[in-house]
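Order of the sequence lines fixes the chain letters, A, B, ..., with proteins taken first and strands second; residue numbering starts at 1 for each chain.
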Number of protein chains: 2
Amino acid sequence: MDHTPIACSHHDHDHCIHDALEAARNLCVSRGVRLTDLRLQVLELIWQNHKPLGAYTLMEMLAKANTRRVAPPTVYRALDFLLEQGLIHRINVLNAFIGCPSPGTKHQSHFLICRTCGVAIELDEPTLNQQILQVAKESGFTVETQALEVSGLCANCAGANT
Amino acid sequence: MDHTPIACSHHDHDHCIHDALEAARNLCVSRGVRLTDLRLQVLELIWQNHKPLGAYTLMEMLAKANTRRVAPPTVYRALDFLLEQGLIHRINVLNAFIGCPSPGTKHQSHFLICRTCGVAIELDEPTLNQQILQVAKESGFTVETQALEVSGLCANCAGANT
DNA sequence: GCCAATAGGTTATAGAGTAACATATCTGCC
DNA sequence: GGCAGATATGTTACTCTATAACCTATTGGC
């Protein structure tokens, strides 16, 4: 059984971007929070592809897109907002950020990360989530957040090496 | 079912330290690599408790223990060695390092991390590991390393709040 | 239109990690 | 023992990541 993830396959990525921004707008309206120009722009840049982007990379991209140059706190505040709203995830192992394809629902932040092409594939496996919660429970541990970061080679990159 | 992890219970921690250092010495001898004074000292400091320590914290501890002041590359090289030998793990979400209680065997780096007391509990759940590998396989992904970092409250800290 | 709250701008600095090169120490070999 | 090559550590400087503190601008409700 081999289900190639969207992130790894040829696809209409404009569609991904459009959907993500649309979902973000709706979510922010329904929650009564403000998706400002800056926040939207940062989210759009993050969605440029399925690869996590660092804060400083985003700063450079902002500087090119706009005339204005943005200082670190500005971009970090936008990132903090997007994280709080569950619109993006932080990939700890890369110090980088990636868009969440299903904001508004539960986020366990489970990723497969390719060390060659840099793509990060978000998993949605309730069973895995349940098992982690179960294991934690057995240790008397109260789970607040989870971060599973599996590093290796995606199907494309592993295939190219053989 | 509730198995309080060692890290969270009262225990003879000198025993933990002793065992860890003994295991490290044996492992290094059997592999023909050099567990130098510095590396041993760093490992010992990391094992002071069951809480991850940052590289700069370790530097300060080294400076206090010895007269000599150690520069970042020195401590990072020791940490790199210990990581390579599987004697410690890196906790990405904390930018910190913690001793591995079972070096020499497979390391999946699965942790429960308490945000209050800072303790990090290493899990040893082959079933969980298998499931992660299975999920990755279904996406055609070749796993090289895993990092599961579950944050929340340990049994002690959760109990103290109720 | 005013006020309080929220968002963004600015400067400076803290924290984490590494590159590049110099020196020391440890082997194995003669 | 002494030498050579490999391994380990010291040193300086720097890059990358993130935040503190303070100020200004914008927004939305009254």
- Message: Output the rounded distance in Å from CG (A:Leu35) to P (D:dT27).
- Response: 14 Å
- Item | Nucleotide C:dA7, atom C1' - distance to CG of A:Leu82 in whole Å | 13 Å
- Query: Could you state the CG-P distance from B:Leu53 to C:dG15, rounded to the nearest angstrom?
  - Reply: 15 Å
- If you draw a 6.0 Å radius around NE2 in A:His18, do more than 12 non-hydrogen atoms from other residues or ligands fall strictly inside? no
- A:Gln85 CD to C:dA7 P: how many Å, rounded? 10 Å
- Tell me: CD of B:Glu60 to C1' of C:dA14, nearest whole Å? 12 Å
- Task: Let me have a per-nucleotide readout for nucleotides 6-17 of chain D, 5' to 3', with B, S or -, counting only protein heavy atoms under 4.0 Å.
- Result: -SSBBBB----B
- Message: If we count only N and O atoms by modelled type, under 3.5 Å, do the side chains of A:Glu125 and A:His110 hold a donor and an acceptor together?
- Response: no
- Query: What is the distance, rounded to the nearest whole Å, between atom CG of A:Leu83 and atom P of D:dT19?
  - Reply: 10 Å
- Query: What's the CD-P distance between A:Glu84 and C:dT6, to the nearest Å?
  - Reply: 12 Å
- Task: Treating Ile, Leu, Val, Met, Phe, Trp and Tyr as nodes and any side-chain heavy-atom pair under 4.5 angstrom as an edge, say whether A:Ile88 and A:Met59 lie in one connected cluster.
- Result: yes
- Item | Polar contact flag, side-chain donor to acceptor under 3.5 angstrom, A:Gln134-A:Gln130 | no
Pair up each side-chain donor or acceptor in residues 26-36 of chain A with any protein partner under 3.5 Å, not counting sequence neighbours, and list the distances.
| from | atom 1 | to | atom 2 | distance (Å) |
| --- | --- | --- | --- | --- |
| A:Asn26 | ND2 | A:Glu22 | O | 3.4 |
| A:Ser30 | OG | A:Leu27 | O | 2.9 |
| A:Arg31 | NH1 | A:Gln85 | O | 2.9 |
| A:Arg31 | NH1 | A:Gln85 | OE1 | 2.9 |
| A:Thr36 | OG1 | A:Arg39 | N | 3.4 |

- Sub-3.5 Å donor-acceptor pair from the side chain of A:Gln41 to the main-chain atoms of A:Leu62, do we have one? no
